[in-house]
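For reference, positions follow the sequence shown, starting with 1.
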Amino acid sequence: MRYDLVIFDNDGVLVDSEPLSNTILAGYLTELGHPTSYEDSLRDFMGAAVHRVHDLVRERTGQALPADFDETLHARVFAAFERELAAVDGVTDVLEKLTADGVPYCVASSGSHERIRVGQRTTGLDRWFTDGIVFSAQDVGRGKPAPDLFLHAAARMGVTPERCVVVEDSRLGVQAALAAGMDVYGFTAMTPADRLAGAKGCFGAMAELPALLV
């Protein structure tokens with residue numbers, strides 16, 4: 001293995017949450033008078049922390065979202081997770097191989113710690129992730145595309161950025177990894193490779209990932 005740490009994004013990489021969460025986000029914004037399609041939500045918010053939603057709505061409309069926006073959004077998303085969320089196909093095999101090979105890994109997500117943990121519990125991935133290897137945009141001042149979250153994860157794991165590789169499925173995540181000075185591989189299950197510019201390589205199925213890391 002040519003890396004000392006594998007950093008996984010969460011939504012869309014470990015758990016298949018992007019269709020659910022973006023459908024709910026688009027519907028909620030539309031309900032609040034900010035017409036948003038599912039495709040709009042993927043384009044503008046996939047891979048981002050929730051503060052980006054507030055920032056873009058204020059920038060585009062001059063209006064602030066309701067004070068309880070985050071709470072309501074998270075409640076709707078978590079309820080959908082409990083009903084429908086599944087792990088990304090093949091990801092448990094990847095985690096099993098990394099563990100067997102003694103390769104450290106962690107998760108660094110734009111989502112809150114609660115969102116990460118709800119998804120992991122629902123899909124059974126919590127057995128692979130102890131608290132010490134779960135990092136959220138809540139832990140740093142700026143979310144992706146800023147490099148802060150990935151740099152924080154690397155520092156906490158005791159690995160220099162150049163020895164880290166990031167697995168991402170969003171444009172903002174790829175930008176954050178590059179800004180952190182890390183290699184990044186783009187997962188194209190939901191995002192076309194041409195939107196993951198700068199990635200060292202792209203792959204469409206988790207079974208392909210281990211061979212890219214050696």
Side-chain angles (χ1 to χ4, degrees), residues 8-88 107-120 122-123 136-138 140-149 167-179 184 186-199 202 204:
F8 290 96
D9 176 42
N10 184 57
D11 293 291
V13 171
L14 296 177
V15 295
D16 192 18
S17 53
E18 295 291 9
L20 290 173
S21 59
N22 281 282
T23 296
I24 291 166
L25 175 57
Y28 187 25
L29 286 172
T30 300
E31 178 186 317
L32 293 172
H34 307 289
T36 305
S37 69
Y38 172 70
E39 292 74 19
D40 292 338
S41 186
L42 288 177
R43 182 194 65 225
D44 293 338
F45 305 123
M46 184 172 165
V50 71
H51 67 76
R52 180 176 170 85
V53 182
H54 291 267
D55 293 344
L56 280 186
V57 168
R58 187 178 296 108
E59 176 185 314
R60 291 170 175 174
T61 70
Q63 300 174 22
L65 291 169
D68 64 349
F69 177 84
D70 293 10
E71 181 182 355
T72 301
L73 176 65
H74 290 152
R76 294 182 183 187
V77 169
F78 294 166
F81 281 6
E82 296 284 359
R83 294 191 305 268
E84 305 176 55
L85 189 63
V88 167
V107 58
S109 171
S110 292
S112 66
H113 279 284
E114 183 181 12
R115 177 186 175 115
I116 298 167
R117 283 314 202 183
V118 168
Q120 289 180 345
T122 302
T123 59
S136 161
Q138 286 181 312
V140 296
R142 299 179 299 169
K144 305 169 189 178
D148 304 37
L149 176 56
V167 183
E168 266 287 354
D169 72 329
S170 75
R171 175 178 57 87
L172 296 176
V174 169
Q175 291 174 350
L178 294 174
V184 54
F187 184 42
T188 60
M190 285 194 60
T191 307
D194 61 7
R195 286 186 55 80
L196 302 176
C202 291

Taking atom types as modelled, is there a side-chain donor on Ser110 or Arg52 under 3.5 Å from an acceptor on the other?
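No - no donor-acceptor pair under 3.5 Å links their side chains.
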For Ser17 and Asp11, which I'm curious about, is there any donor-acceptor pair between the side chains at under 3.5 Å?
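Yes - a donor-acceptor pair under 3.5 Å links their side chains.
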For Phe8, enumerate each residue passing the ring-ring contact (aromatic ring centres under 6.0 Å, His included) test, keeping only those at least two apart in sequence or located in another chain.
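So Phe8 forms no ring-ring contact (aromatic ring centres under 6.0 Å, His included) with any residue.
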When Phe81 is tested against each of Val118, Thr123, Ile24, Val15 for side chain to side chain contact (heavy atoms under 4.5 Å, CB included), which residue passes?
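When Val118, Thr123, Ile24, Val15 are each tested with Phe81, the side chain to side chain contact (heavy atoms under 4.5 Å, CB included) holds only for Val118.
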Counting C-beta onward and ignoring hydrogens, is there a side-chain heavy-atom pair between [X] and [Y] closer than 4.5 Å?
X: Asp44; Y: Arg60; result: yes
X: Ser136; Y: Arg115; result: no
X: Phe187; Y: Asp9; result: no

Tell me whether the rings of Phe78 and His74 are parallel (<30°), tilted (30 to 60°) or perpendicular (>60°).
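Answer is parallel, since the angle falls under 30°.
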May I have the step-by-step check of side chain to side chain contact (heavy atoms under 4.5 Å, CB included) for Lys144 and Leu149, ending in yes or no?
CA-CA 7 Å; Lys144 305 169 189 178; Leu149 176 56; 4.0 Å; yes
Checking Arg195 now: which residues fulfil salt bridge (Lys or Arg N to Asp or Glu O under 4.0 Å) with it, not counting sequence neighbours?
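For Arg195 there are no salt bridge (Lys or Arg N to Asp or Glu O under 4.0 Å) partners, ignoring immediate neighbours.
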If I compare all heavy atoms of Ala199 with all of Cys202, which pair ends up nearest, and what's the gap?
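Heavy atoms only, the tightest pair is CB-SG, 4.3 Å.
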For Ser170, is there any backbone N or O sitting under 3.5 Å from a side-chain donor or acceptor partner on Thr191?
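Not a single qualifying donor-acceptor pair exists.
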Indicate yes or no for a side-chain donor-acceptor contact from Asp40 to the backbone of Thr36 under 3.5 Å, with no hydrogens or angles considered.
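Side chain of Asp40 to backbone of Thr36, a donor-acceptor pair under 3.5 Å: no, none is there.
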Sole residue of Glu31, Glu71, Glu82 in salt bridge (Lys or Arg N to Asp or Glu O under 4.0 Å) with Arg76
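The passing option is Glu31.
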